[in-house]
Amino acid sequence: MTNAYDIAYARSLKDPEGFWAEAAKDLHWYKTWDKVLDDSRKPFYRWFTGGVVNTCYNAVDRHVEQGRGEQAAIIYDSPVTGTTRTISYAQLQDDVARFAGALAARGVAKGDRVIVYMPMVPEAAIAMLACARLGAVHSVVFGGFAANELATRINDAEPKVIVSASCGIETAKVIPYKPLLDHAIELATHKPAACIVLQREQAVAALIPGRDFDWMQAVAAAAPHDCVPVAATDPLYILYTSGTTGQPKGVVRDNGGHMVALKWTMKAVYNVEPGEVYWAASDVGWVVGHSYIVYAPLLNGNTTIFYEGKPVGTPDAGAFWRVISQHKVSTLFTAPTAFRAIKREDPNAELLKKYDLSAFRALFLAGERSDPETINWAQTNLKVPVIDHWWQTETGWSIAANCMGLHAFPVKPGSPTKAAPGWGLEVLDESHQPCEAGKVGSLVVRLPLPPGTFYTLWNAEQRFVDSYLSEFPGCYKTADAGYIDEDGYVYVMSRTDDIINVAGHRLSTGAMEEVLASHPDVAECAVIGVADQLKGQLPLGFVCLKAGVTKPHDQVIKEVVALVRERIGPVAAFKTCTVVKRLPKTRSGKILRGTMQKIADCQDYKMPATIDDPGILDEIQESLVDVGYAKPRNE
Ligand code: COA
Ligand code: AMP
């Protein structure tokens, strides 16, 4: 049977230029493109070459000019500070233009980079949009990363200016950001010319004269700056994400293709009309925050919610229902872990009864696999469709989704439904042949990727090719394994690399291993992701000590745990580590992380044929039992 999804999907692959040119008409172009899809430099495909645009104009000014000036653009809801603030599109235009003026006054111009290191306050969006207004390239760094991670990003992006805040607030804890910022700049070899700091009353920061500027004062002294036309192919932002080493990958997004694709998804995927209230409960530091707290809802003329709080504890497990009800949210997007947290505290959803959720239409989940139990709990209690969709920092929007604005397919729990229009998704086996329906293989996408996806890695074009395009020629490797069933439903099972997913946050076990290995007492180490009821996965470390180390094991563990927190940040949630005599390896010396993970999660495993000494697995099992994982050996 043919439906709007089938028609859109077929056309998007057969006639991608026609498909996306039509979507592009919804936006403002100073000059339309010469070519919709430029494939003159394969495998580097570019969208809308020759086009001239401004993303900020399309996300803000256009709406004011078209009569949405009085509509709320952003509702800032912050239970941690007891504040709610509404910013209309007209006010947002003024705020962004003035902040763009403040950046320009510090020398920021088209092509310059600006790092944004901020908590969930609307000024983060204002800073991002101000960069877009100037044609500058923003790079938002998540607040839960440590100074060292920020320094790595400063060195790679070489920002002219860093925009930050004096502190973030995590439930009841005030986290001063300024010392982290100062330390990061100290560690970095690149030094920004200036920092603009939003002072928050919970922890006012000391500013360094000549380098640091107070946000309010900088804005008060600035002249509003107009939108600067940029090439559709110019970079809009860099977003660093975990790679397999400690050096993060700088995913780069363009202006033209990005705005076209994201605007299109608001109707096609989320079924949201301009004017409605849309809420992505995430953080601007993640891709979900970039795409669905800031850009897509604003490009579509929606009201977006900036929520500075948690699903639980601010103040209780009814927080999400309170926000939905108070602001008449039509659609919520969050990570399954948030719902697991709510379910754990309020299993019978008693708090839901206090709120009127009549405006609420759908819940979208992504960031990690949605377990059927969580989907069923949400659906039973909320009585709205619960839609799993699958995407990555690299892709910027969903590879697979139940496209609610095209055709609502029946939900199969555990599946993000079908490949979204634009995505030539396939499952390939080890010899790169298509797998039959139901057989697990590597999930890959035939090039070109649709607009809105990344087109390179910042300063690392060869790494872009090597990491994503080389293994399966002509395809993008998602590094996820899964299968497609006989009805075309996609199932995403696991990563094929050492990335783990902790509370919807993407982390590299390789990066954690680099930190453990740097400890002077550690000879060898491994980090694996173990199953966790709340966060999906948690990292767990194994260290072998150097000969002659006499320090108590507890002390070494305390030190390596502190080291990961100091180097990567609290977001790594690295709290469990165990000292072992040896690590299980293949005869060629490869650590058997997969087998260790299966033992930890009490799953059956096959004794690897290439293991050099099977007895080590018993020792590993005993150590895991000691830290609360695996089954005791006699069970
Ligand atoms: N700034 C500073 N520190 C931060 C931070 C930030 N922006 N975000 C998190 N942290 C810290 C936390 O305070 C915590 O520190 P702790 O070890 O001192 O307790 C640590 O990083 C781990 O944070 P988190 O993984 O978020 O755990 P949590 O126990 O605080 O909360 C959840 C767990 C499930 C409630 C929370 O992760 C959540 O709401 N996640 C779902 C939504 C989401 O953001 N998904 C992301 C992609 S869609
Ligand atoms: P990130 O880049 O942080 O968005 O993380 C992307 C990774 O999260 C993907 O490669 C998947 O491994 C996982 N992921 C995201 N969404 C889903 C989903 N809906 N189902 C299964 N895994 C998902």
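Just so you know, ligand 1 is whichever comes first in the structure, and atom 1 is the first atom listed for that ligand. Residue indices begin at 1 and follow the sequence shown.
In terms of polar-atom proximity, T478 is not counted as a contact of ligand 2, lacking any N or O under 3.5 Å from an N or O of the ligand. Here's the thing with V287: none of its N/O atoms is less than 3.5 angstrom from an N/O atom of ligand 2. Between Q392 and ligand 2, an N or O atom pair is found at a separation short of 3.5 Å. For ligand 2, the polar-atom distance check finds no N/O of S370 at less than 3.5 Å from any of the ligand's N/O atoms.
Within the 4.0 Å heavy-atom shell around ligand 1 one does not find M120. Heavy atoms of S282 come nearer than 4.0 angstrom to ligand 1 in at least one pair. Heavy atoms of V288 approach ligand 1 to within less than 4.0 angstrom. Residue contacts with ligand 1 include Y177, since one of its heavy atoms falls under 4.0 Å from the ligand. Residue contact annotation: K575 has a non-hydrogen atom under 4.0 Å from ligand 1. Residue P311 places a heavy atom under 4.0 Å from ligand 1.
Between Y295 and H290, the ring centre distance reaches or exceeds 6.0 Å.
When each atom of ligand 2 is checked for a heavy atom of R495 under 4.0 Å away, the hits are 9 (C), 10 (O), 12 (O). Residue contact check: N501 has heavy atoms under 4.0 Å from atoms 8 (O), 13 (C) of ligand 2. With ligand atoms numbered from 1 in the order given, ligand 2 contributes 1 (P), 2 (O), 3 (O), 4 (O) to contacts under 4.0 Å with heavy atoms of T393. Residue V492 approaches ligand 2 through these ligand atoms, each under 4.0 Å from one of its heavy atoms: 21 (C), 22 (N).
Salt bridge absent: E123 and R200 never bring a charged side-chain N and a carboxylate O closer than 4.0 Å. With respect to D77 and R322, a salt bridge is recorded, a charged nitrogen being found less than 4.0 Å from a carboxylate O. Using a 4.0 Å cut-off between a side-chain N of Lys or Arg and a carboxylate O of Asp or Glu, E149 and R567 do not qualify as a salt bridge. Using a 4.0 Å cut-off between a side-chain N of Lys or Arg and a carboxylate O of Asp or Glu, E170 and K310 qualify as a salt bridge. A salt bridge does not link K477 to E394: none of the charged side-chain nitrogens sits closer than 4.0 Å to a carboxylate oxygen. One finds a salt bridge joining D487 and K412 here, because a Lys/Arg side-chain nitrogen approaches an Asp/Glu carboxylate oxygen to under 4.0 Å.
For atom 25 (O) of ligand 1, the closest non-hydrogen atom on the protein side is K535 NZ, 3.2 Å. The nearest heavy-atom contact from the protein to atom 8 (N) of ligand 1 is F142 CZ, 3.3 Å. For atom 2 (C) of ligand 1, the closest non-hydrogen atom on the protein side is G143 O, 3.5 Å. Ranking the protein heavy atoms by distance from atom 5 (O) of ligand 2 puts R506 CD, 3.6 Å first. From the protein, the heavy atom lying nearest to atom 41 (C) of ligand 1 is T337 CG2, 3.4 Å. Remark: minimum distance from atom 42 (C) of ligand 1 to any protein heavy atom is reached at A281 O, 3.8 Å. Regarding atom 12 (C) of ligand 1, its nearest protein heavy-atom neighbour is E170 OE1, 3.2 Å. Protein heavy atom in closest approach to atom 26 (O) of ligand 1: K310 NZ, 3.3 Å. Summary of contacts: the protein heavy atom closest to atom 17 (C) of ligand 2 is E368 O, 3.5 Å. Closest protein heavy atom to atom 37 (O) of ligand 1: A503 CB, 3.5 Å.
The aromatic rings of F333 and H389 sit tilted, their planes meeting at an angle between 30° and 60°. In this pair, H432 and F472 present their aromatic rings tilted. The plane angle is within the 30 to 60° band. The aromatic rings of Y270 and Y278 stand perpendicular to each other, their planes meeting at an angle above 60°, with 30° marking the opposite boundary. Aromatic ring pairs are classed by plane angle as parallel below 30°, tilted from 30° to 60° and perpendicular above 60°; the pair Y483 and Y491 is parallel.
Under 4.0 angstrom from ligand 2, the non-hydrogen atoms of W391 all belong to its backbone. Residue H505 does not touch ligand 2, judged by heavy-atom distances below 4.0 Å. Within the 4.0 Å heavy-atom criterion, the part of D480 lying near ligand 2 is the side chain and not the backbone. By the criterion of a heavy-atom distance under 4.0 Å, the side chain of H505, and not its backbone, is placed next to ligand 1. Proximity of I499 to ligand 2, defined as any heavy-atom pair under 4.0 Å, is not found for any part of the residue. Residue contacts with ligand 1, taken as heavy atom pairs separated by less than 4.0 Å, involve K173 solely via side-chain atoms from C-beta onward. By the criterion of a heavy-atom distance under 4.0 Å, both the backbone and the side chain of R369 are placed next to ligand 2. Heavy atoms of P570 found under 4.0 angstrom from ligand 1 belong to the backbone as well as the side chain.
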(request) For salt bridge (Lys or Arg N to Asp or Glu O under 4.0 Å), just list the numbers for D182 and K178, CA-CA rounded to whole Å, side-chain angles, deciding distance to a tenth of an Å, and then say yes or no. (result) CA-CA 6 Å; D182 290 342; K178 187 60 178 16; 3.2 Å; yes

(message) For a salt bridge (Lys or Arg N to Asp or Glu O under 4.0 Å) check, start with the C-alpha distance between E368 and R506, then their side-chain angles and the critical distance, and finish with the verdict.
(response) CA-CA 9 Å; E368 56 173 326; R506 171 170 160 176; over 6 Å; no

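Y237 and R253 share a donor-acceptor pair across their side chains, judged by distance under 3.5 Å alone. Looking at T331 and Y292, their side chains never bring a donor and an acceptor atom within 3.5 Å of each other.
The minimum heavy-atom distance linking A147 with L180 is given by the pair CB-O, 3.5 Å.
Within the 4.0 Å cut-off (strictly below), a protein heavy atom is located near atom 47 (C) of ligand 1.
Counting only heavy atoms from C-beta outward, the side chains of V445 and T478 approach each other to under 4.5 Å.
Between the D388 side chain and the T417 main chain, no donor and acceptor come within less than 3.5 Å of each other.
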